[in-house]
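Single-structure report; data block below.
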Amino acid sequence: MKKLLKILSDITQDRQFFAGLIGVAILLLLVVFAPLITKYPADFYGPDSLARPGSPGHWLGTNHMGQDIWSMLVYGTRTSLWVAVVAAFISGSIGLLVGGVAGFFGGKTDMVISEIINIFMMIPDLFLIMLVVALFGNSLTNVMVIIGLTTWPRNAKLMRAQTLSLKERVFVAGARAMGENKNQILFKYIIPNGMYPVISNTTMSMAYAVLTEAALSFMGLGDPNVISWGQMINDGRNYITHAPWVSVLAGLAVVFTVLVFNLLGDGLNHILNPQKLQRGER
Amino acid sequence: MARVLDVRNLSVTYKNKNKCVYAVSNASFSIDQGDSMGIVGESGSGKSTMAMALLRLLPRKKTVVEGEAGFLGQDLLHISDEQLDRLRWKNLSVVFQKAMNSFSPVHRIGDQIEDIYRIHEPNATRKEAHGQAAKMLALVNLNERVYKLYPHELSGGMLQRVMIAVSLLHEPDLLIMDEATTALDVVTQGQILGELRKMESELKTSRIIITHDISVVSSSCNKIAVMYAGSLLESGHVSEVLARPAHPYTKGLLAAFPPLRGQRVVLESIPGYLPDMAARHEGCIFAARCPEAMEKCKSAAPARTDLGNDHFVSCHLIEVEKQ
Amino acid sequence: MSGNYIEIKDISKFYPVKGSGTLLGGKGSRKLVKAVNGVSVGMAQGEVLGVIGESGCGKSTLARLLTRLETPTAGDVFIGGVSTGKMLEQDAKKFYRTVQIVFQNPYDAFTPRDTIEQLLSRPLKNHGICPDRASRHERCAELLESGNLRPAEDILKRYPHELSGGQLQRIAILRAMSLDPAVIVADEPVSMLDVSVRADIINMLLEQSASKKVTVVFISHDIALTRHVADNIAVMYLGRIVEYGAAQTIIESPLHPYTKALISNCASIDIADRVEPIRIDGEPPTPIDPGPGCFFADRCPVAEEICFREYPETAARAGNHRVACHKA
Amino acid sequence: MKKYIVKKLLISIVTIVLVMTLNFVLIHIAPGDPTTILLGRNVANPELKAVLAAKYGLDKPLYVQYFRYFGQLLRGDLGDSIIFGRPVVEIIGEKLGPTLLLVGIASVVGLVLGTAAGIAAARKEGSVIDAVYSGGAYFLNAMPGFWLALMLIIVLAVKLGWFPSSGMEDVRAKYTGFRHVLDVAQHMFLPMLTLVLIDIPYYFRIAKSSVIQVNNEDYIMTYRAAGMSEKKIFRKYVLKNAILPVVTIFGITLAYLIAGVALIEIVFAWPGTGRVMLTAISQRDYPVLMGIYLIMSITVCVTMIIIDIIYAVLDPRIRY
């Protein structure tokens with residue numbers, strides 16, 4: 001109970017984390033209660049096209065096909081969050097594994113893996129993502145998987161650094177001298193103490209995934225069967241002079257979501273900062 | 001002998017949103033020309049904070065410094081920044097602990113020495129600066145070849161020597177060394193301390209050494225000041241304080257230190273912990289851990305008592321004895 | 001010397017120099033850092049051996065070799081006549097129970113996520129010393145009591161960051177002791193602690209090891225402290241023991257020029273005891289392919305031609321005093 | 001120094017080989033057979049297929065194909081575009097100029113502005129300036145570049161009419177000489193502004209944190225204790241030490257910018273590789289897509305080597 005209170009006070013202490021948390025809560029509510037808070041299904045083509053925001057029945061207006069913008073934004077949240085979670089999960093897992101292996105085994109393994117990580121960080125990944133999606137087809141699954149498969153290097157780099165420094169910590173040497181084996185050390189000491197920065201970085205990867213998905217849809221490489229904010233921005237482009245709200249609102253949704261994940265990631269980074277646990281300072 | 005530094009009632013308080021930490025309270029001591037004083041204390045004693053306060057290097061927004069520090073007729077704590085800048089390095093210089101970080105890693109050592117020399121000799125030619133630097137480098141037993149090198153090309157011991165040479169560029173009246181030899185090996189430390197002693201007789205520089213290691217003080221200083229939890233408890237000549245410590249804390253510290261030669265003794269710790277520095281303490285700061293504490297020690301702070309021959313101590317036991 | 005309970009025989013640790021050779025594993029010309037270079041020394045049961053030397057002399061590597069945190073390039077350690085190399089192969093856990101270590105930094109000695117009880121119970125459980133939870137709890141409390149950490153029940157519930165450095169280091173010693181080791185390696189166990197609490201830690205280490213006849217290898221750069229705790233002292237320079245003998249003898253009548261310089265430069269708190277330090281020039285070189293002569297020759301004030309040519313044999317002197325020097 | 005550069009060169013070569021290999025692998029693991037991918041879906045010309053099969057040795061074992069493919073790439077043969085029916089190298093070559101012009105100028109301007117803002121914020125840490133700059137960078141960092149481009153068009157081109165919203169020059173006017181340069185500059189302003197704005201947060205973040213870090217270094221304390229003026233300390237010592245981490249991220253930021261520029265070119269109808277890419281994507285012109293990927297990767301690699309050399313000159317610790 002005391003611990004819980006402590007955690008709660010930590011959370012409210014860090015403004016960034018708190019803001020991020022509220023943002024995520026809003027996004028999740030939108031996802032869960034989408035059918036309840038929208039008047040129209042997202043694929044409903046109404047009679048009023050390009051209605052201004054504030055029009056009766058369409059408080060955020062409609063697009064050129066007569067679709068309700070508010071409904072599209074809400075259903076677009078589903079797409080974005082889904083992509084964010086799956087892609088970040090893939091990228092986080094690969095990063096954790098590759099970085100962990102490099103750091104834990106060290107020596108030549110580490111040398112080779114870290115050069116590979118550097119190389120992947122250097123290659124402009126958006127081109128590769130586009131190429132692969134173009135080749136393999138633009139389904140949502142492909143988009144999520146390929147974003148996950150190309151954005152792991154950052155997480156790997158972080159995990160490697162974490163593992164390397166943890167390996168040198170006295171309590172790890174102590175555990176070895178106490179006769180604990182490699183598995184015990186990895187699962188009891190390295191991973192529990194090293195994964196928090198990776199978690200916070202993975203939160204940032206979610207932001208990156210949202211941006212990438214938007215870019216892909218914007219290029220016409222999104223899944224045509226789902227509502228996507230990037231697609232909305234692209235559609236709105238043609239009416240930018242007289243109906244700018246389509247693009248503007250969809251873009252604001254992207255910005256809001258990315259901000260939320262970045263805030264959450266930065267906040268987590270402060271709260272879980274390993275330095276805080278290192279030397280008894282609270 | 002001329003008085004170089006006269007510190008009166010120096011207090012330093014760290015302030016942030018939630019609390020105040022009383023890092024140094026009411027410290028008074030003085031240094032005469034040619035003196036070398038060692039300020040000893042454990043972690044949290046405020047010894048480094050005191051030095052930083054005298055040098056006015058503490059962040060201004062977060063600290064409150066009170067008291068006086070007479071230095072060559074001026075008050076270090078109250079003169080303007082411009083006046084202070086004129087004294088810095090010309091009359092008062094400092095060497096910090098971390099030798100490895102004492103120089104910018106991307107500039108040549110010689111370049112950095114010249115910049116520091118030119119602060120007070122803006123019109124000096126490169127040759128003049130180089131000449132003075134070479135003289136000081138020789139004093140700390142270094143080849144002037146280091147002039148052309150980058151910091152990463154030198155070892156920690158060599159860098160610390162360079163730093164000491166730099167601190168002596170203008171032959172200052174007072175040199176403050178903050179744990180300057182702590183990170184060095186025994187042999188290197190011994191040699192640097194030896195060089196310092198030799199040099200002081202040539203340059204007439206006074207010195208303050210801040211350290212946690214009494215043996216450094218006993219082997220390189222003529223005066224000692226003992227600090228505990230922000231208070232200066234005892235000060236005097238090394239020969240007197242170490243031979244006849246008056247304060248129970250000094251006695252405790254000495255009993256915890258093993259001698260190098262002679263009979264082996266039983267080492268004794270001082271029981272208890274450092275008091276909470278964020279609280280004001282009514283009585284003697286050491287009372288809670290003092291084996292000889294009396295009722296009075298908990299309620300009233302002891303006055304600084306003069307035992308003669310520059311030996312000062314702040315302890316009720318002594319006050320009682322004197323009466 | 002075969003009567004020794006613990007016998008370190010010709011132990012060495014060489015590392016390849018970083019950046020020498022190529023990525024693809026170039027042949028031949030790889031340079032070696034000879035961190036520990038053929039160290040042999042024996043200890044009686046319950047003896048305290050002090051190891052002194054400057055940074056880079058290999059004393060910490062020696063600690064890691066003894067506890068097998070590093071695998072020796074050559075050599076072995078025998079405890080009661082049994083090869084620890086063999087012991088590791090046959091029953092690794094037994095080895096770790098036999099040899100324990102206390103590190104320099106107590107603040108980092110425990111994983112920050114566990115309570116003291118969890119930290120102390122873990123080895124008891126892993127080594128099957130106390131099979132059930134209740135007995136482990138009892139044992140942990142006993143351990144703390146025996147180390148004067150009271151109230152034990154309260155401390156057991158604490159996290160490492162809630163305790164002081166001195167308390168943590170005492171717990172580290174108690175945890176090592178809880179496995180009933182034959183040897184404890186103490187690598188600079190008090191150098192990060194304040195002087196006023198050091199004595200307690202040292203006294204506790206000595207008491208605990210004396211009562212259980214545990215042999216202690218005390219590694220330190222603090223010469224006065226080492227003299228205080230050790231029966232015998234070994235002086236290391238660039239990976240080798242250059243002088244060995246009874247603590248008092250090494251401090252008061254050293255024979256090797258390096259030991260002499262080291263001790264003369266060591267400050268004492270006794271002001272009557274000011275000795276003129278012996279100058280030795282230069283910085284301690286790195287142990288990259290040293291030799292063939294005496295490693296100390298180029299800094300030695302009394303070196304002669306032979307010192308640069310061949311490494312001196314270790315010669316026995318009065319008592320157990322041994323020194324490796326052509327001139328001593 | 002030599003060793004350091006040789007190592008960096010080797011890594012760049014490995015990178016390029018890796019990109020080539022990735023292309024090769026993708027051709028072979030993608031759904032459909034390689035000829036279809038290289039020819040385009042709608043073309044089922046048996047003659048052409050035969051020519052391709054012979055060229056790429058599609059009847060030979062995979063490793064032979066790999067080396068052949070490699071050999072062709074090394075000779076500068078990136079294959080032919082499906083829709084334009086011309087060599088990919090030619091097509092990209094024509095469009096690379098405008099793209100590099102845009103990226104080149106924008107990344108340098110972004111570097112300068114982002115770093116300057118970061119330094120300013122660090123020197124006044126906790127002030128209003130710091131809060132405004134940091135908040136601005138945080139928001140910019142969350143914006144998709146192509147959307148930001150649209151917003152700039154809405155405000156600066158449509159509403160205010162200050163700048164043209166698309167193209168690289170006024171085609172009707174046919175300006176020459178200095179007037180032409182001015183015209184291009186005017187057209188370039190908005191796309192460049194967009195790129196600069198999305199580039200700024202990266203440099204801002206790293207410049208701010210490294211200035212704060214250097215300010216707390218011991219040597220800065222030494223210079224203060226020596227009475228050196230804050231101006232001199234900052235200009236000579238803080239700046240040079242703090243700029244190093246900024247230089248190291250230039251390469252990675254450039255990779256990011258090069259990826260982002262395609263979308264921004266599309267929004268502004270800038271006649272660069274981005275538009276080629278959009279067409280290639282919509283028509284599934286794979287040789288062109290692969291060619292762009294390869295050439296952009298090479299561009300980043302070459303820049304990285306230049307950056308590494310600059311870094312080695314700036315930081316004496318590298319020169320072994």
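Sequence lines set the chain letters: A, B, ... in the order given, protein chains first and strands last, and positions in each chain run from 1.
By the 4.5 Å heavy-atom criterion applied to side chains, B:Leu267 and C:Leu225 are counted as neighbours. Using a 4.5 Å heavy-atom threshold, the side chains of B:Tyr273 and C:Gln167 count as touching.
Ranked by heavy-atom pairs shorter than 4.5 Å toward chain C, the options B:Gly44, B:Ala256, B:Gly190, B:Pro258 are led by B:Pro258. Heavy-atom pairs under 4.5 Å with chain C were tallied for B:Leu193, B:Leu274, B:Val266, B:Asn141; the largest tally goes to B:Asn141. With chain B as the partner, the residue from C:Ala230, C:Gly53, C:Ser264, C:Gly56 showing the most heavy-atom pairs under 4.5 Å is C:Ala230. Contact count versus chain C (heavy atoms, under 4.5 Å) is highest, among B:Gly272, B:Gly262, B:Pro271, for B:Gly262. By number of non-hydrogen pairs under 4.5 angstrom with chain C, the leading residue of B:Ser220, B:Gly194, B:Pro259 is B:Pro259.
C:Ala199 and B:Glu268 get closest at one heavy-atom pair: CB-C, 3.4 Å. The heavy-atom pair separating B:Arg264 from C:Gln248 by the smallest distance is NE-OE1, 4.4 Å. Taking every heavy atom of both residues into account, B:Leu260 and C:Cys266 meet most closely at CD2-O, 4.0 Å.
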- Test side chain to side chain contact (heavy atoms under 4.5 Å, CB included) applied to C:Val195 and B:Glu42, step by step: CA-CA 7 Å; C:Val195 176; B:Glu42 302 181 278; 4.3 Å; yes
- Evaluate the side chain to side chain contact (heavy atoms under 4.5 Å, CB included) criterion for residues B:Gln189 and C:Asn265: first the C-alpha distance (whole Å), next the side-chain angles of each, then the deciding distance (0.1 Å), finally the verdict. CA-CA 8 Å; B:Gln189 168 171 296; C:Asn265 274 292; over 6 Å; no
- Item | side chain to side chain contact (heavy atoms under 4.5 Å, CB included) evaluation trace for C:His221 with B:Asp185 | CA-CA 8 Å; C:His221 70 278; B:Asp185 273 323; 5.7 Å; no
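Against chain B, no residue from residues 254-261 of chain C qualifies, as none has a non-hydrogen atom under 4.5 angstrom away. Contact residues of residues 229-255 of chain B toward chain C are B:Val238, B:Ser239, B:Leu242, B:Leu253, B:Leu254 (heavy-atom distance under 4.5 Å).
At a 4.5 Å heavy-atom cutoff, the contact between C:Asn203 and chain B is made by side-chain atoms alone. Using a 4.5 Å cut-off between heavy atoms, B:Gln263 contacts chain C through its backbone alone, with no side-chain atom that close. Residue contact with chain C, scored on non-hydrogen atoms closer than 4.5 Å, involves the backbone and the side chain of B:Gln191 alike. The part of B:Val216 that comes within reach of chain C is its backbone (N, CA, C, O), which places non-hydrogen atoms under 4.5 angstrom from that chain.
With C:Asp194 contributing its side chain and B:Ser43 its backbone, the two residues share a donor-acceptor pair below 3.5 Å. Between the side chain of C:Glu252 and the backbone N or O of B:Arg261 there is no donor-acceptor pair closer than 3.5 Å. The backbone N or O of C:Ser196 lies less than 3.5 Å from a partner atom in the side chain of B:Ser269, making a donor-acceptor pair.
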